[in-house]
Amino acid sequence: MSAVPAIRVEGLQKSFGANHVLRGIDFRVDVGEVVCVIGPSGSGKSTLLRCVNRLEEADDGSILIEGEDIRDPDADVDLLRSRIGMVFQSFNLFPHLSVLRNLTIAQRRVRRRGRDGADRVARENLARVGLAEKADAYPAHLSGGQQQRVAIARALSMEPDMMLFDEPTSALDPELVGEVLAVMRDLARDGMTMMIVTHEMGFAREVADRVVFMDGGVVVEEGPPDRVLGDPAHERTRRFLQMVR
Amino acid sequence: MTRRQRQRLLRGALYASAVLVVLALVAVADWELLRRNFLDVDIAAEMFPDVLLVAARNTILYTALAFTFGLALGLVLALMRLSSIAPYRWFATAYIEVFRGLPALLTIFLVGFGIPIAFQTRWPVLAQITLGLGIVAAAYMAETIRAGIEAVPRGQMEAARSLGMSRGRAMASIVIPQGFRIIVPPLTNELVLLIKDTSLLFVLGTTPATKELTKFGRDVLTSRANATPLIVVGAVYLLITIPLTQVVAVLERRNARSR
Ligand SMILES: Nc1ncnc2c1ncn2[C@@H]1O[C@H](COP(=O)(O)OP(=O)(O)OP(=O)(O)O)[C@@H](O)[C@H]1O
Ligand SMILES: [Mg+2]
């Protein structure tokens with residue numbers, strides 16, 4: 001395992017107005033590691049995730065992506081972001097573009113790949129999520145589960161070093177959750193570095209190398225899934241796990 | 001009698017009286033005089049082919065030029081209004097308030113008289129027309145475009161940024177194309193208004209070759225002391241505007257299907 005973590009967060013502070021959301025977060029994801037972040041609604045999980053690729057501006061603390069400070073005013077944020085795949089709860093596919101174009105537009109505009117190269121990478125990744133035959137469809141014609149798989153393939157098409165997921169299955173009908181989790185399971189098995197905010201405790205227990213429990217803007221505890229989910233050290237964790245069960 | 005029946009009776013009575021009024025007006029009107037003044041076939045025939053080859057062509061040309069200019073400037077103004085840089089926002093807001101608040105005729109006048117004084121040269125007629133009408137059109141379109149951009153969900157910008165696109169790139173490739181889809185109907189409305197506003201361009205002065213439809217019609221009206229040209233010109237306007245609104249309806253339906 002590499003000495004430099006994929007993501008290293010130290011002393012992260014973030015407020016929205018008077019609402020102090022992140023109160024000194026220390027957090028790390030190593031290369032090849034799968035970390036699931038759990039916690040009650042409003043605990044700051046999404047905010048932490050969004051600070052990592054600077055969709056949200058942190059107030060204080062440091063955020064190092066493979067050793068590079070993404071908060072540095074001189075940092076090339078666009079370049080750093082292109083190395084961090086992100087998957088949203090609401091998919092956020094580009095509705096005016098075909099599935100294939102959803103997967104190629106950033107490759108071409110950001111990576112400056114030619115059409116053939118971009119198409120090839122896109123089709124590979126569509127096949128990877130089991131949607132090779134949907135290349136020419138428009139997002140509106142896909143089910144929620146298919147849309148989220150396309151969104152994952154879109155992020156993968158940038159060949160990122162790591163992937164962030166913000167409750168990727170929360171907007172899905174129950175019968176569609178499985179197909180998305182299956183794709184994520186494959187990714188984890190292939191060694192992708194992943195930070196996953198999720199309420200799927202079964203998935204976290206099965207796939208995560210480490211589970212992080214957040215509450216009230218701090219990391220309350222973290223550790224191997226069996227310990228954090230099976231035998232939590234903190235009362236707050238225990239109460240949360242009872243509630244979601 | 002039920003409420004429903006009473007309503008039906010009332011409506012029947014209303015229709016009947018409306019028909020009676022129309023019939024009375026038709027009976028009283030002097031049809032021969034109307035025909036001679038508004039539907040003189042000889043005068044109508046005289047207007048062809050110039051009413052199409054010169055006047056209608058000019059109306060369409062002026063509209064196209066002003067629309068293109070207005071759209072480009074309107075997009076710039078819309079982006080300025082959405083900018084995080086305050087002076088840009090102030091400028092755009094002031095521009096929009098001023099040129100929506102002034103009568104278009106006045107703005108065209110100002111351009112027509114202001115440019116020769118400001119630059120000590122006469123600009124080509126087409127440039128003056130484009131500027132005069134386009135300045136006003138931009139003010140209206142800026143607000144429409146801004147509304148379109150704001151109607152695109154924030155997640156679209158975020159998804160584009162998360163893929164490494166710069167803000168400008170994300171705007172150009174992701175947000176603006178979707179924003180424009182949303183505003184096709186109001187933008188067409190503005191195009192139709194612009195077609196009609198070309199009738200104000202006479203204040204810039206015209207030659208036989210630069211007349212648009214209204215000026216062309218009015219000149220025939222004056223020279224022949226007959227109102228037929230207004231009917232002809234009006235029909236030509238409708239010939240342009242009605243297909244336009246139909247095309248847009250089709251585009252909209254196709255758009256609705258693809259999302
Ligand atoms: N853009 C924003 N502006 C203002 N307040 C915000 C914003 N984003 C989040 N918040 C607030 O920050 C707090 C934490 O929100 P966050 O979305 O990070 O929680 P979460 O742990 O992801 O919750 P959930 O499980 O419901 O997604 C909440 O109180 C929320 O209202
Ligand atoms: Mg959240």
Side-chain angles (χ1 to χ4, degrees), chain A residues 46 49-50 52-56 76-98 101-113 136-142 147 150-166 171, chain B residues 71 74-75 78-79 82-86 89 141 144-188 247-259:
Chain A
S46 297
L49 191 95
R50 292 161 55 81
V52 165
N53 70 351
R54 220 172 127 179
L55 280 184
E56 215 71 77
D76 186 343
V77 180
D78 293 337
L79 182 69
L80 281 169
R81 282 205 190 107
S82 74
R83 303 195 329 229
I84 309 173
M86 179 147 179
V87 176
F88 300 83
Q89 182 175 344
S90 50
F91 327 138
N92 294 348
L93 292 179
F94 306 135
H96 62 305
L97 301 178
S98 70
R101 289 266 289 143
N102 263 275
L103 271 61
T104 56
I105 188 157
Q107 291 188 63
R108 302 197 54 193
R109 305 286 188 202
V110 178
R111 289 268 188 272
R112 302 257 157 236
R113 281 187 189 138
D136 298 320
Y138 277 80
H141 296 157
L142 303 178
Q147 289 193 46
V150 169
I152 293 171
R154 176 176 69 179
L156 290 174
S157 293
M158 296 301 282
E159 296 172 336
D161 297 342
M162 65 198 77
M163 293 276 285
L164 312 178
F165 295 82
D166 191 0
Chain B
L71 200 61
L75 178 59
L79 292 174
L82 294 168
S83 165
S84 54
I85 301 165
R89 288 200 305 272
M141 288 200 240
T144 307
I145 295 169
R146 181 178 65 95
I149 289 174
E150 284 184 329
V152 177
R154 220 178 53 155
Q156 292 291 307
M157 174 58 92
E158 292 186 345
R161 298 303 304 270
S162 79
L163 290 164
M165 291 188 208
S166 66
R167 206 184 123 76
R169 171 44 65 197
M171 267 285 170
S173 295
I174 305 300
V175 177
I176 291 173
Q178 292 183 57
F180 269 97
R181 255 154 241 244
I182 297 170
I183 58 169
V184 165
L187 225 44
T188 319
V247 166
V248 169
V250 171
L251 281 180
E252 261 203 285
R253 239 171 291 138
R254 189 176 312 162
N255 231 329
R257 242 179 296 136
S258 89
R259 46 180 51 239

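Note on naming: letters A, B, ... go to the chains in the order of the sequence lines (proteins, then strands), and numbering restarts at 1 for each one.
At least one side-chain heavy atom of A:Phe88 sits less than 4.5 Å from a side-chain heavy atom of B:Ser162.
Within the 4.5 angstrom heavy-atom criterion, no atom of B:Ala170 approaches chain A. In this structure, chain B has no heavy atom under 4.5 Å from any part of A:Leu164. The contact between A:Arg154 and chain B is made by backbone and side chain atoms together, counting heavy-atom distances below 4.5 Å. With a 4.5 angstrom heavy-atom cutoff, A:Ile84 touches chain B only via backbone atoms.
Taken from CZ in B:Arg154 to CG in A:Asn92, the straight-line distance is 10.0 Å, to the nearest 0.5 Å. Rounded to the nearest 0.5 Å, atoms CD1 (A:Ile105) and CZ (B:Arg169) are 7.5 Å apart. Atoms CG and CD, from A:Leu97 and B:Gln178 in turn, are 7.5 Å apart once rounded to the nearest 0.5 Å.
In this structure, B:Leu163 and A:Val110 approach most closely via the heavy-atom pair O-CG2, 4.0 Å. Of all the heavy atoms in B:Ser173 and A:His96, the pair that sits closest is O-NE2, 3.2 Å.
With a 6.0 Å radius and a threshold of 12 heavy atoms from other residues, nucleotides or ligands, B:Arg89 has its CZ atom above the threshold.
Applying the side-chain hydrogen bond (donor to acceptor under 3.5 Å, both in side chains) test to B:Thr188 and every residue at least two apart in sequence or in another chain returns nothing. With sequence neighbours excluded, the residues forming a side chain to side chain contact (heavy atoms under 4.5 Å, CB included) with A:Asp78 are A:Asp76, A:Arg81, B:Arg161, B:Ser166, listed by chain and number.
Put simply, of A:Ser90, A:Ala151, A:Ala106, the one with the most heavy-atom pairs under 4.5 Å next to chain B is A:Ala106.
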